[in-house]
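Single-structure report; data block below.
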Amino acid sequence: MKIASVIVDVPTMQTDRAFDYSIPHAWQGKILPGMRVIVPFGPRKVQGFVIGIKDKSEAKKLKDLVRPMDLTPVLNEDLLTMADWLTKQTLCFKISALQVMLPAAMKAKYEKKIILNPVKRDFLDEEAASLFINKDEVSWKDAEEAGLLPLLQKEIKSGNLDVFYSVKSKGRKKTVQKFYPAVQREKMKEEIDALPANAEKQKAVLRYFISLNSNEGITTKEAADSAGASLAVLKSLADKGLLIKKQEEIYRNPFSHKTFQKTSPLPLTEEQEGAIAPILEAIEQKKHETFLLYGVTGSGKTEVYLQSIQQVYEQGKEAIVLVPEISLTPQMVNRFKGRFGNDVAVLHSGLSAGEKYDEWRKIQRKEVKVVVGARSAIFAPFENLGIIIIDEEHEASYKQEENPRYHARDVAIYRAKQYHCPVILGSATPSMETFARAQKGVYKQLTLSKRMNAGELPSVSIVDMREELRSGNRSMFSEELFEKLQDRLHKGEQTVLFLNRRGHSSFIMCRDCGYVAQCPQCDISLTYHRFSNSMKCHYCGYETGVPETCPECDSEHIRYFGTGTQKVEEELAKLLPEARVIRMDVDTTSRKGSHERLLDSFGEGQADILLGTQMIAKGLDFPNITLVGVLSADTMLHLPDFRSAEKTFQLLTQVSGRAGRHELPGEVVIQTYTPEHYSIELAGSQDYDAFYHKEMIMRKMGSYPPFYYLSLITISHEDLLKVVGAAEKITKFLQSRLSPQSIVLGPAASPIPRINNRYRYQCLIKYKREPELPSILKTVLEHSQQQKASEGLTISIDVNPYMMM
DNA sequence: AGCACGCCGACT
DNA sequence: GTCGGCGTGCTC
């Protein structure tokens, strides 16, 4: 007898292992690893993943599995292997590693129901019977809400009612009714004459079928369009045996309203030729290698991607292209669909769960060769991968901030090793980690230093807002920016105003000299805490009072910071009432498609100014934009995050790239209170290399990546004392187990010290080599799970964190 | 995570 | 003597 090893959908420490089930005869040989199954688990039924088939089991008694949920495996062998790796790498539950690889629509939907035993209907209590008048099941939840549980439970006990657990996949396949011809054309012609004279519509339908050159079926909509026939007409033809009704599965097509202009490979520049050659060679030799494609904005990285994919495509292999969520714009999709047509699937958060499911199935059925998508597309179920491309490699959105806390770049490299294929990491401003690896030769660096159409980089001017204040300008627009804004309005050219919302009110700064309170031990900005009216460091726990006057210049203009897009919009309305402004932020783009609509109308020239946050930093490519204004370049700089300088530099460089991409020359105005900060200065001169060198020195001094790896442990509980106690215990344990070269910081309160009434403490480990760390961290998890005193204690571990909160 | 089992206090 | 509170431990 065959036995299936199953990982059940119960994400807890105690159930984080395989459970064995015997396979009923009917399913023998049909249950394969990688399939989803429904299994009994205790008194209920749950979804599970088959991870193996075997002949023997250690377990004393086995239950039969109920049934498979799939006809073919939804996870292939390589993905199963990778799930194991992911579990160890990120210290997540096995089930989480499996679930993350599938679209959300394939998650299980559980329902507990009370069903009527039909024979016992007459035995029911009157009130209970009234619930089952024209149905034989009631949802448990509904019964509970109606306060009918006690009554029904009595009936359950006496056997008149049964409890039933249903497990379903959340997503549904979309189907459509189609009618096919059931007889030959000749026969149809005869039938037309045989039909009664008043059966006009039926005759029309038959004539339409005869006119078709294939045996294709038609939908009711097609019938209406071509023959003016309704469903009733088709049905009566079906009743006569002339047509056959079929329920057919179709894909929801999010791009149905679009046609794609077919494009062909563009001639490459010499630089591009040089960059693509080693990639093509790796593809030819079926060799795994990671490339850093380091190319300034507009240097033609995408064409290099496209032609690399072309090569893979010609070998009959598949490609995954990752793009950050916010730049997964229609423009981007067009470029890939234009080149590879219907062989492209697109996966991003703008699609509904059903649409994502459909795109995923296209991949699974090998109906496409190329996937363009956000982070999770890295798990696309291809089996013959030829290349993985990660565009804008430095983007933080490639790191998942919930379990499993993976980084798409790491997963990409793992998968590429499995398939002996290359990875391309593309960026104009690579992350420190990636660039350092390229410098060391771990990754192969390919450089594109010239803009394609030899376009000039925009001229950047940095405005010192402290000066503005001194000269009496208290507005959020500097003289220079305001003048240029007016100028563009007169000329009918467009402006993009960029505002960073992050870092809102969280740091204290002197408006006169730009002083920002820093932690003396960590070189990290202190965070202002309104509640306790104090300044804190979230890395080491240092705390100090809020200064009344600036410690540097004694000014009294020291205060906490932050402005929102709405406020800017109001001020614009006051200062430039004739300007037409489009505001783009989370509030105005929450509805589906609104992002695209706003951008389209800006592109069509329906507004003079586009005002927005993060989301307008990328992909925006309109010829009429000649001015980019960054209202406050430093908001991000003072976040309690060692990557803040890097992020600031990347963002400013990115935003600057929006101006003057075509004939008209572009200008950029960056407003800041810290013009001397290297990230701002060097973003102004667009000098990545200088920034890299400066930032590496800072990272080295602070023992941060890429010199050290990080792992962040966050402990939370309702009771503050328990959190502190547990955090201290964990810190001590780590210190005792880790090598002396490793640094354990904390415990200190998390940047957000309380969420949902739970206190949060964290502990940061910095290390260079700690091969035992995963198992040590696993011990931490298991240990704290066992301790009875620790009920309610949550410990989350983030290996290589991106968000330090 | 659920859910049953089981052992104690408040009631018919 | 029973109902139901939630602490404890298991789920192939």
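Within every chain, numbering begins at 1; the chains are lettered A, B, ... in the order of the sequence lines, protein sequences first and strands thereafter.
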>> With ring pair (Phe, Tyr, Trp, His ring centres under 6.0 Å) as the rule and sequence neighbours excluded, what pairs involving residues 6-25 of chain A come up?
In response: Phe19(A)-Phe41(A)
> Got a sec, which pairs hit ring pair (Phe, Tyr, Trp, His ring centres under 6.0 Å) with one end in residues 90-135 of chain A, sequence neighbours left out?
Replying inline: none
Below 4.0 angstrom, N of the basic side chain to O of the carboxylate: do [X] and [Y] qualify?
| X | Y | result |
| --- | --- | --- |
| Asp9(A) | Lys107(A) | no |
| Asp16(A) | Lys778(A) | no |
| Arg643(A) | Glu433(A) | yes |

>> Ignoring hydrogens and geometry beyond distance, is a side-chain donor-acceptor pair present between Arg737(A) and Thr779(A) at under 3.5 Å?
In response: no
>> What I want to check is whether the side chains of Tyr767(A) and Ser739(A) have a donor and an acceptor closer together than 3.5 Å.
In response: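 No, Ser739(A) and Tyr767(A) have no side-chain donor paired with an acceptor closer than 3.5 Å.
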> Just the endpoints, please: which first and last nucleotides of DNA chain B, 5' to 3', lie under 4.0 Å from a heavy atom of chain A?
Replying inline: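 Reading along DNA chain B, I get dA1(B) to dC3(B).
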>> Side-chain N or O of Lys63(A) versus OP1/OP2 of dC12(C): is the shortest distance under 4.0 Å?
In response: yes
> Can you list, by residue number, the residues of residues 23-54 of chain A that have a non-hydrogen atom closer than 4.0 angstrom to DNA chain C?
Replying inline: Pro40(A), Phe41(A), Gly42(A)
> Where along residues 90-111 of chain A does a heavy atom fall under 4.0 Å from DNA chain C?
Replying inline: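 Within residues 90-111 of chain A, no residue comes under 4.0 Å of DNA chain C.
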> Less than 4.5 Å apart, any side-chain heavy atom of Ile114(A) and any of Leu131(A)?
Replying inline: no
> Is the shortest heavy-atom distance from the side chain of Lys88(A) to the side chain of Pro774(A) under 4.5 Å?
Replying inline: no
> Short question: side chain of Lys94(A), backbone of Ala83(A) - any donor-acceptor pair under 3.5 Å?
Replying inline: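 Not confirmed, Lys94(A) side chain does not pair with Ala83(A) backbone.
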> Ignoring hydrogens and geometry, is there a side-chain-to-backbone donor-acceptor pair from Gln418(A) to Asp78(A) under 3.5 Å?
Replying inline: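 Checked: pair present.
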> Within this structure, what is the CE-to-P distance between Met1(A) and dC12(C), rounded to whole angstrom?
Replying inline: 14 Å
> Counting any heavy atom closer than 4.0 Å, what does Lys60(A) reach on the DNA or RNA strands: base, sugar-phosphate only, or nothing?
Replying inline: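 No contact.
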> Which of residues 3-21 of chain A have a heavy atom under 4.0 Å from DNA chain B?
Replying inline: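 Per residue number, the list reads Val10(A), Thr12(A), Gln14(A).
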> Considering all heavy atoms of both residues, which atom of Glu111(A) and which atom of Ser139(A) are nearest to each other, and what is their separation?
Replying inline: OE2-CB, 3.8 Å
>> Which heavy atom of Ile38(A) sits nearest to which heavy atom of Val167(A), and what is that distance?
In response: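 Result for this residue pair: CD1-O, 3.6 Å.
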